[in-house]
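Residues: numbered from 1 along the sequence shown.
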Amino acid sequence: MAEEKVTLVNEIGLHARPASKFIRETIKYKSDIEVIKGDKVYNAKSIMGVLSMGAVKGDTVTIRATGEDAEEAVKNIIQLIKYDLHE
């Protein structure tokens, strides 16, 4: 298992286009991937799950992956959130 916290820096958080880009990244991995916001856990490979999270700029979320490519998945998803979700 691998996990890491990250703060959302893009203006609209994980909504619309950024959420779609996020999902395209998460489905590349065989590992089970979750996003944790507060005390709730969401399926990071589900567009409905990610959108229902209501994550906005400044929110801190935890990316958790379990499986054979967990380390790589968390590393790349964190990079995506930090640098590649800008509109």
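- If you chain together hydrophobic residues whose side chains sit under 4.5 Å apart, Val74 and Val9 never meet in one group.
- Tracing side-chain contacts under 4.5 Å through hydrophobic residues (I, L, V, M, F, W, Y), one never reaches Tyr42 starting from Val56; they form parts of separate clusters.
- Partners of Lys75 under the salt bridge (Lys or Arg N to Asp or Glu O under 4.0 Å) rule, at least two apart in sequence or in another chain, do not exist in this structure.
- Shown here for Asn10 and Leu85, the closest heavy-atom pair between the two residues is ND2-O, 3.5 Å.
- Considering every non-hydrogen atom in both Pro18 and Gly13, the closest pair reads CB-O, 3.5 Å.
- With sequence neighbours excluded, the residues forming a side-chain hydrogen bond (donor to acceptor under 3.5 Å, both in side chains) with Glu3 are Arg64, listed by chain and number.
- Chaining together hydrophobic side chains whose heavy atoms lie under 4.5 Å apart places Ile36 alongside Val41.
- Across every non-hydrogen atom of Thr26 and Ile33, the tightest pair is O-CD1, 3.6 Å.
- Atom NZ in Lys57 sits 14.0 Å away from atom CG in Leu14 (nearest 0.5 Å).
- Asp59 places none of its side-chain heavy atoms less than 4.5 Å from the side chain of Thr7.
- Separation of atoms CD1 (Ile81) and CD (Glu4) is listed at 9.5 Å; rounding is to 0.5 Å.
- Listed by chain and residue number, nothing satisfies the salt bridge (Lys or Arg N to Asp or Glu O under 4.0 Å) test with Lys40 (two or more places apart in sequence, or in another chain).
- Taking every heavy atom of both residues into account, Ala65 and Ala73 meet most closely at CB-CB, 4.4 Å.
- Shown here for Thr66 and Met1, the closest heavy-atom pair between the two residues is OG1-CG, 3.8 Å.
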Show every donor-acceptor pair shorter than 3.5 Å between a side-chain atom in residues 46-55 and any protein atom, with sequence neighbours excluded, or say none if there are none.
| residue | atom | partner | partner atom | Å |
| --- | --- | --- | --- | --- |
| Ser46 | OG | Met48 | N | 3.4 |
| Ser46 | OG | Gly49 | N | 3.0 |
| Ser52 | OG | Met48 | O | 3.2 |
| Ser52 | OG | Gly49 | O | 2.9 |

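- Scored by the side-chain contact (heavy atoms from CB on, under 4.5 Å) test, Glu72 finds Tyr29, Asp69, Asn76 as partners (sequence neighbours excluded).
- Checked against side-chain contact (heavy atoms from CB on, under 4.5 Å), Lys5 has the following partners two or more places apart in sequence or in another chain: Thr60, Thr62.
- With sequence neighbours left out, Glu71 forms a salt bridge (Lys or Arg N to Asp or Glu O under 4.0 Å) with no residue at all.
- For Lys28, the salt bridge (Lys or Arg N to Asp or Glu O under 4.0 Å) test picks out Glu25, with sequence neighbours left out.
- Using a 4.5 Å cut-off on side-chain heavy atoms (C-beta onward), Lys82 and Val6 make contact.
- Shown here for Phe22 and Leu80, the closest heavy-atom pair between the two residues is CA-CD2, 3.7 Å.
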